[in-house]
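No hydrogens, no waters, no symmetry mates; every other heavy atom, side chains included, goes into these values. Start at 1 with the first residue, then count along the sequence. Atoms within a ligand are numbered from 1 in the order they appear, just like the ligands themselves.
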Amino acid sequence: MWSHSNLNFQNTSMRSRRLPMTSLMQANEARSAKRHKIETIKDSFSASEAWDRLIGYSKTGYDSITEEDKDFVLKSFGVFDRPATPGRFMIRVRVPGGILSVEQARVLADVAKRFGKDYIDITTRMQIELRYVTIEELPEALALLESVGLTSYQTGVDNFRNIIIDPLDGLAMDNIIPCVPIMNEIQAVFLKNEDWITTMPRKFNIGLSGSLTNRCNIFGQDFALALAQKDGVYGFNLFLGGRVGFLAQDANMFVTPSQAKDVFVAVASLFKTYGFRDNRNKNRLKFLIDAVGMDEFRDAIEKQLGFAMHSSGETLCAAEGGDYYGKIALKDGSFALYAAVPSGVFSGSDLADAAEVAAAQDGALRFTIEQNLIITGIRDESAALESPLFVKYPNRPSPYMANLIACAGTEHCPFGVIPNKPDAIEMGEYLAREVPITDAKMRLYWSACIKGCGIHGAGDLGFVGCKTPHNGVTVLGVDIFIGGTLSGEGGEGHLLLKGIVLEHAREYVAELMRQYRDQRIGKESLEKFIARLQVRYSNHAIGFLMRWNRLMRLQNTPDGMFSFNLKKHGGSHREIDEIFEFGTKIIHGITGTNPYDTDEPLAEEKKSYRHKAPELSEYAHILEKMVEPSPLKRSEVFTQIVVELKNLSSDQ
Ligand code: SF4
């Protein structure tokens with residue numbers, strides 16, 4: 001049990017002050033010359049008036065809705081006009097902590113079937129999106145949801161979004177502090193409260209984890225409380241300012257469960273008062289903290305609270321995250337059963353099936369950030385697994401499908417560049433066929449545009465939709481990222497391959513997966529394998545290997561041409577050295593000899609590999625530049641080689 005009795009807050013002396021509010025005021029003034037026009041819209045409506053307008057539109061019809069209301073105001077209530085489905089709306093339903101009772105699931109399923117073409121998306125914020133709802137149907141659909149305590153309020157635009165917690169909060173063996181009570185306390189501050197409805201400078205994501213394992217991307221939030229320990233007491237370390245591409249930073253503040261709500265209110269109030277309201281690309285909490293520095297911001301929190309806080313403890317929410325599939329033992333002796341929902345594509349009928357599984361065993365449903373479903377409270381596993389739910393959404397899926405995230409994509413989001421969900425599923429199925437692997441753990445996260453709702457930066461491999469030139473035309477593509485982590489205090493992935501033709505991306509990834517399959521140690525996860533790879537090789541080198549091996553496979557060379565050698569230790573990460581190593585290895589693979597076995601390396605008559613592999617003659621000049629003895633003549637960076645490869649007819 002956690003306790004804060006060992007930490008004596010009464011005796012904690014106040015720290016010296018450096019007038020932190022002055023810094024915040026100055027930072028705010030420096031960005032106040034021009035307010036964004038959306039701020040004028042926000043000032044122009046009250047929540048109750050806007051809600052009345054929404055209900056009024058259901059009587060006057062779609063064409064009576066003003067552009068301003070469609071583009072912004074209705075989103076305050078989680079109602080989104082979707083150009084891809086003209087005249088029909090998406091409703092984003094808040095599911096706090098991803099926890100759904102049987103009764104709520106049944107009603108949600110019914111609403112999806114009656115009004116939403118039986119379609120449901122599970123999102124990366126553990127909530128639900130219903131689609132295809134007309135304005136006339138909205139009041140009834142929303143009223144049904146409200147009748148079981150579900151709401152779409154404040155799930156869009158500048159609001160506190162659905163709070164995420166460990167999907168096994170209160171249940172998992174490694175859960176130390178149950179966070180549902182804290183979540184409810186925090187949510188009660190802002191939900192349906194006029195003071196907080198669309199009054200923030202920008203959206204604000206909250207995450208709470210009282211578990212040893214990071215199963216909810218805790219460090220990707222604007223405001224995160226992550227399990228920590230200080231002087232033998234369990235509590236949380238506060239992390240602030242996460243957003244796409246940036247992890248939240250340690251605020252050097254230890255927070256006990258009883259302080260959590262007040263600390264949240266302090267941070268939210270500072271953001272509301274001093275946050276920037278000019279450039280919407282630079283007004284998340286991170287930018288305010290960057291402007292004044294974390295130390296100043298921390299001081300401001302204390303000033304807001306009226307008392308000093310302890311410095312941070314040891315972060316314990318550090319074990320590698322991701323969903324665990326199969327059957328998960330829980331503290332109370334029951335089990336949780338996992339159902340893989342690739343890309344979160346679900347339906348009302350599926351949800352109804354899930355509700356019946358849970359009802360039969362007195363359990364409940366939980367959604368995960370990886371868009372999967374967990375049914376808790378299972379006592380009779382065999383009976384549960386007979387449900388059609390688990391036929392459609394396997395309990396023990398291929399590892400490629402188990403932790404697959406994909407955002408809405410072009411079918412449902414106006415910002416999408418690629419279809420995304422079908423692309424993610426298609427790649428997962430291809431990899432399962434071509435590089436079958438068991439007992440592996442990997443996280444493939446897809447965003448259909450740079451806004452990053454598919455949290456691609458947190459994936460072992462991340463994909464971002466783009467357009468890319470190919471054979472003289474522009475086609476759909478992806479940028480591929482590598483090395484996002486959920487362990488420790490998390491880590492953002494880095495760009496690995498840019499502008500890869502979408503339909504070819506699976507072939508590149510398969511090359512890395514072959515390396516993973518063949519060189520992993522025991523049941524090593526992809527996260528750990530990549531970390532090991534990155535100790536020895538640069539991301540440029542890893543990307544080159546994927547590109548080269550794919551090319552060789554297209555030439556029907558046996559199982560690629562070379563692999564990384566992870567048995568060697570160290571690694572310089574100097575590309576010029578990596579290029580030499582790879583070139584040498586490729587030539588050795590072709591000829592069986594090292595190009596430097598002779599006194600006269602690569603003299604014309606010694607280039608035996610040209611004869612041994614005539615089909616590779618197209619690559620000869622590239623290989624020779626890779627192993628050129630003089631560094632002055634050798635290719636210096638992989639980018640040069642990639643440009644030359646792209647000019648070859650075989651690189652299609
Ligand atoms: S990442 Fe882009 S396409 Fe995907 S849901 Fe977000 S805004 Fe839409």
Side-chain angles (χ1 to χ4, degrees), residues 38 70-72 74-76 78-86 88-95 116 119-132 152 155-159 161-162 164 202-205 217 220-222 242-246 280-284 341-346 367-371 404-427 443-459 461-468 476-481 484 492-493 495 498-499 502 505:
I38 278 180
K70 267 192 284 201
D71 289 348
F72 191 84
L74 299 190
K75 292 179 185 172
S76 300
V79 174
F80 293 71
D81 181 39
R82 280 290 175 245
T85 55
R88 293 179 180 268
F89 290 83
M90 180 268 276
I91 307 177
R92 186 176 291 152
V93 183
R94 187 181 286 274
V95 183
Y119 183 87
I120 282 178
D121 273 325
I122 303 171
T123 81
T124 54
R125 290 207 71 77
M126 300 176 157
Q127 60 197 342
I128 285 292
E129 289 177 353
L130 303 171
R131 301 185 186 278
Y132 308 111
S152 61
T155 53
V157 291
D158 301 343
N159 284 297
R161 304 300 184 86
N162 195 43
I164 63 166
R202 201 72 162 89
K203 73 173 174 182
F204 193 96
N205 289 335
N217 185 27
Q221 315 300 315
D222 293 272
R243 64 184 284 265
V244 169
F246 298 94
R280 289 184 65 78
N281 291 325
K282 293 184 177 174
N283 65 351
R284 290 282 289 273
V341 186
S343 300
V345 178
F346 210 51
F367 298 119
T368 77
I369 64 153
E370 298 192 317
Q371 301 174 301
L404 189 65
I405 287 179
C407 76
T410 45
E411 189 182 352
H412 291 298
C413 180
F415 300 106
V417 181
I418 59 173
N420 211 41
K421 283 182 189 284
D423 303 317
I425 293 171
E426 196 275 337
M427 179 184 281
R443 296 174 297 103
L444 309 184
Y445 293 175
W446 288 67
S447 299
C449 82
I450 197 64
K451 285 178 182 280
C453 305
I455 54 173
H456 58 272
L461 290 178
F463 304 86
V464 181
C466 66
K467 298 261 176 79
T468 192
L476 298 182
V478 279
D479 293 335
I480 302 179
F481 291 72
E492 274 287 318
L495 184 62
K498 188 161 179 54
L502 179 59

With the threshold set at 4.0 Å, does a side-chain nitrogen-carboxylate oxygen contact exist between Asp121 and Lys421?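 Between Lys421 and Asp121 there is a salt bridge, with a charged N closer than 4.0 Å to a carboxylate O.
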
Without swapping roles, check the side chain of [X] against the backbone of [Y] for a donor-acceptor pair under 3.5 Å.
{"X": "Arg443", "Y": "Gly484", "result": "yes"}
{"X": "Asp479", "Y": "Gly499", "result": "yes"}
{"X": "Thr124", "Y": "Cys453", "result": "yes"}

Taking N, O or S atoms only and a limit of 2.8 Å, check whether Cys449 reaches atom 2 (Fe) of ligand 1.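 So Cys449 does bind atom 2 (Fe) of ligand 1 by this criterion.
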
Atoms in ligand 1 with a heavy atom of Ala448 nearer than 4.0 Å: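 Checking each atom against Ala448, I get 3 (S), 4 (Fe).
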
Going by the atom numbers of ligand 1, which of them fall below 4.0 Å from some non-hydrogen atom of Gly416?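 Reading through ligand 1 atom by atom, the close ones are 3 (S).
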
Considering only protein heavy atoms, which is closest to atom 7 (S) of ligand 1, and at what distance to one decimal place?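 The closest heavy atom on the protein side is Lys451 CD, 3.4 Å.
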
Please list the nearest protein heavy atom to atom 8 (Fe) of ligand 1 with its residue and the distance rounded to 0.1 Å.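 Result: Cys413 SG, 2.2 Å.
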
Does at least one non-hydrogen atom of Gly452 fall below 4.0 angstrom from an atom of ligand 1?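 Gly452 counts as a contact of ligand 1 under the 4.0 Å cut-off.
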
Mind checking whether atom 8 (Fe) of ligand 1 has an N, O or S of Cys453 under 2.8 Å?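 So Cys453 does not bind atom 8 (Fe) of ligand 1 by this criterion.
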
Can you find a side-chain donor-acceptor pair between Arg161 and Gln221 that sits under 3.5 Å?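 No - no donor-acceptor pair under 3.5 Å links their side chains.
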
Below 2.8 Å, any N, O or S contact between Cys407 and atom 6 (Fe) of ligand 1?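 So Cys407 does not bind atom 6 (Fe) of ligand 1 by this criterion.
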
Does any part of the side chain of Ile128, heavy atoms only, come nearer than 4.5 Å to the side chain of Phe367, both counted from C-beta?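 Result yes, sub-4.5 Å side-chain heavy-atom pair found.
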
